[in-house]
Amino acid sequence: MLATPISTPAKGWSRIWSRRNRYYLIAFLFVLPALINFTVFRYLPILAALRASLYQYSLLGGFGDFVGLDQYQAILSDSFFRNSLWVTLKFTIYKVPLQVLFSLILALFLARENLGTAFVRSAVFTPVVTSVIVVSVLWSMMYHSQLGLINSLLSIVGVPPQAFLSNPDRALPALTAMMIWKDVGFSMIILMAGLKGIPVVYREAAVVDGAKPWEVLWHITLPLLRRVMMFVMVTQTIFSFQVFVPVYAMTRGGPLERTKAVVYYIYQYGFLFQDMGTASAMSIVTLIILLVVSVGQMRLFRSDVSY
């Protein structure tokens, strides 16, 4: 009879400490700081907000009586909360499609390594790394109805001074233009990376077959760029729903509540009205709406194209 081989502890340890497992451990250690960051600053605050939304809670008084879903019922019947959601939705509809379009155009032109493209890319990306509060203050001065740079340029072509931030119909588009200018560089860099990841042979084969440049763009480039565009659309939608600093620094929600985004309204309830329980309920409702919108965008841009 042949003796059954007995696995020694050394062999078992070497199997656990294999090359693949070592690679997995190293990869996990690289991801661990991000996981800790998301857990501490994202997931735990969400759970804390969910708990606070079920109580009467303020920063000064702490937790009070348990109220269950009463605060959710109250905010769903709050016309100001619905208005803030509508303002945020309009801001997102204004900003995201235009920003993606401009960033795609810039990416198509600046993906080529020509003379001066590196300088232009740096100039377009500079607002991304600039503090949003600094940008908001600068654009507030540029939007000034009498002394602003934009009205000075308009006066050259004979256009009278425009009240950008004090006009109810122009305040939100003015904020949108500023945020597109600030964030277009981020989307451009992501789309440029996606363009560089498309194999050149596809475009070359299409050109050899007689395809025109717009046909190559429509039938080759854009379909292979759908996953990257989905990422840009989803992230920019999330960023748009979180708009707060421009509203706080430039309009304070005015004029006539036309720029009062939902995050600014949540800030007012939590820190000005000292009703953190209701503010937490608003945050949870906004999170659910944002998740639904993001899932819808992912399904819309879902593609099985691989390369």
Side-chain angles (χ1 to χ4, degrees), residues 38-39 41-97 99 168-176 179 230 233-301:
F38 272 95
T39 302
F41 297 104
R42 297 291 191 275
Y43 303 135
L44 291 181
I46 290 174
L47 295 177
L50 181 61
R51 176 173 178 256
S53 67
L54 303 177
Y55 291 84
Q56 290 182 346
Y57 173 58
S58 67
L59 294 177
L60 297 179
F63 284 96
D65 297 332
F66 178 80
V67 295
L69 301 178
D70 292 347
Q71 294 179 132
Y72 289 94
Q73 295 176 353
I75 64 173
L76 291 179
S77 61
D78 184 358
S79 60
F80 293 103
F81 179 68
R82 293 198 301 269
N83 175 73
S84 66
L85 286 176
W86 174 237
V87 169
T88 306
L89 181 61
K90 287 198 297 184
F91 175 79
T92 304
I93 293 174
Y94 293 162
K95 177 178 182 288
V96 176
Q99 180 177 329
D169 297 325
R170 296 174 185 163
L172 188 61
L175 290 180
T176 305
M179 290 304 297
M230 179 195 71
M233 290 283 290
V234 172
T235 54
Q236 290 306 315
T237 300
I238 294 173
F239 295 159
S240 298
F241 265 79
Q242 295 175 346
V243 62
F244 170 76
V245 175
V247 177
Y248 179 83
M250 300 174 71
T251 64
R252 297 298 175 97
L256 301 178
E257 313 288 328
R258 295 293 183 89
T259 62
K260 182 175 285 187
V262 64
V263 175
Y264 184 78
Y265 189 56
I266 293 172
Y267 156 79
Q268 284 187 318
Y269 244 96
F271 293 94
L272 299 183
F273 305 154
Q274 286 297 314
D275 190 352
M276 193 60 71
T278 303
S280 300
M282 293 179 182
S283 302
I284 298 299
V285 171
T286 305
L287 174 62
I288 294 173
I289 294 174
L290 189 54
L291 288 175
V292 172
V293 172
S294 300
V295 171
Q297 287 179 319
M298 291 180 183
R299 289 184 176 275
L300 179 64
F301 283 87

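These numbers come from a predicted model, not from an experiment.
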Inset, instruction - Establish, yes or no, whether a centroid distance under 6.0 Å links the rings of Tyr267 and Tyr264. - result: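 Yes - the distance between ring centres of Tyr267 and Tyr264 falls below the 6.0 Å cut-off.
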Legend entry - Those residues that, when tested against Tyr72, pass side chain to side chain donor-acceptor pair (under 3.5 Å) (two or more places apart):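 Only Ser53 meet the side chain to side chain donor-acceptor pair (under 3.5 Å) criterion with Tyr72.
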From [X] atom [atom1] to [Y] atom [atom2], the distance as rounded to the nearest 0.5 Å:
X      : Y      : atom1 : atom2 : result
Lys95  : Thr88  : NZ    : OG1   : 13.0 Å
Met250 : Leu175 : CE    : CG    : 5.0 Å
Leu172 : Thr251 : CG    : OG1   : 8.5 Å
Phe38  : Ile46  : CZ    : CD1   : 10.0 Å
Gln99  : Met233 : CD    : CE    : 10.0 Å
Ile284 : Leu47  : CD1   : CG    : 8.5 Å

If you look at every heavy atom in [X] and [Y], which pair is closest and at what distance?
X      : Y      : answer
Gly61  : Ser58  : N-OG, 2.9 Å
Ser240 : Thr92  : CB-OG1, 3.5 Å
Gly270 : Leu59  : O-CD1, 4.4 Å
Thr259 : Ala171 : CG2-CB, 3.6 Å

Under 3.5 Å, side chain of [X] to main-chain N/O of [Y], donor-acceptor pair present?
X      : Y      : answer
Ser77  : Gln73  : yes
Ser84  : Phe81  : yes
Gln274 : Phe271 : yes
Gln268 : Phe273 : no

Taking the side chain as everything from C-beta on, heavy atoms only, tell me whether [X] gets closer than 4.5 Å to [Y].
X      : Y      : result
Met298 : Val234 : yes
Val67  : Tyr57  : no
Met276 : Tyr269 : no

Legend entry - Within residues 242-269 or reaching into it, pairs that qualify as salt bridge (charged side-chain N to carboxylate O under 4.0 Å, His left out) - sequence neighbours excluded: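 Listed once each, the pairs are Asp169-Arg258, Glu257-Lys260.
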Inset, instruction - Only pairs at least two apart or in different chains count here, so list each salt bridge (charged side-chain N to carboxylate O under 4.0 Å, His left out) that has a residue in residues 61-90. - result: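 Residue pairs passing salt bridge (charged side-chain N to carboxylate O under 4.0 Å, His left out), neighbours aside: none found.
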Legend entry - Arg51 to Phe63, cation-pi by 6.0 Å centre distance and 45° axis angle: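 Yes, Arg51 and Phe63 form such a contact.
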Inset, instruction - Please report the C-alpha distance between Thr39 and Leu44 in whole Å, then the side-chain angles of each, then the deciding distance to 0.1 Å, and finally whether the side chain to side chain contact (heavy atoms under 4.5 Å, CB included) criterion is met. - result: CA-CA 6 Å; Thr39 302; Leu44 291 181; 4.3 Å; yes
Inset, instruction - Measure the acute angle between the ring planes of Tyr265 and Phe80, then classify it against the limits of 30° and 60° as parallel, tilted or perpendicular. - result: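 Tyr265 and Phe80: tilted rings.
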Inset, instruction - For atom CZ of Phe66, decide whether the heavy atoms of other residues, nucleotides or ligands shown that lie under 6.0 angstrom number more than 12. - result: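 Counting neighbours around CZ of Phe66, more than 12 heavy atoms of other residues, nucleotides or ligands fall under 6.0 Å, so yes.
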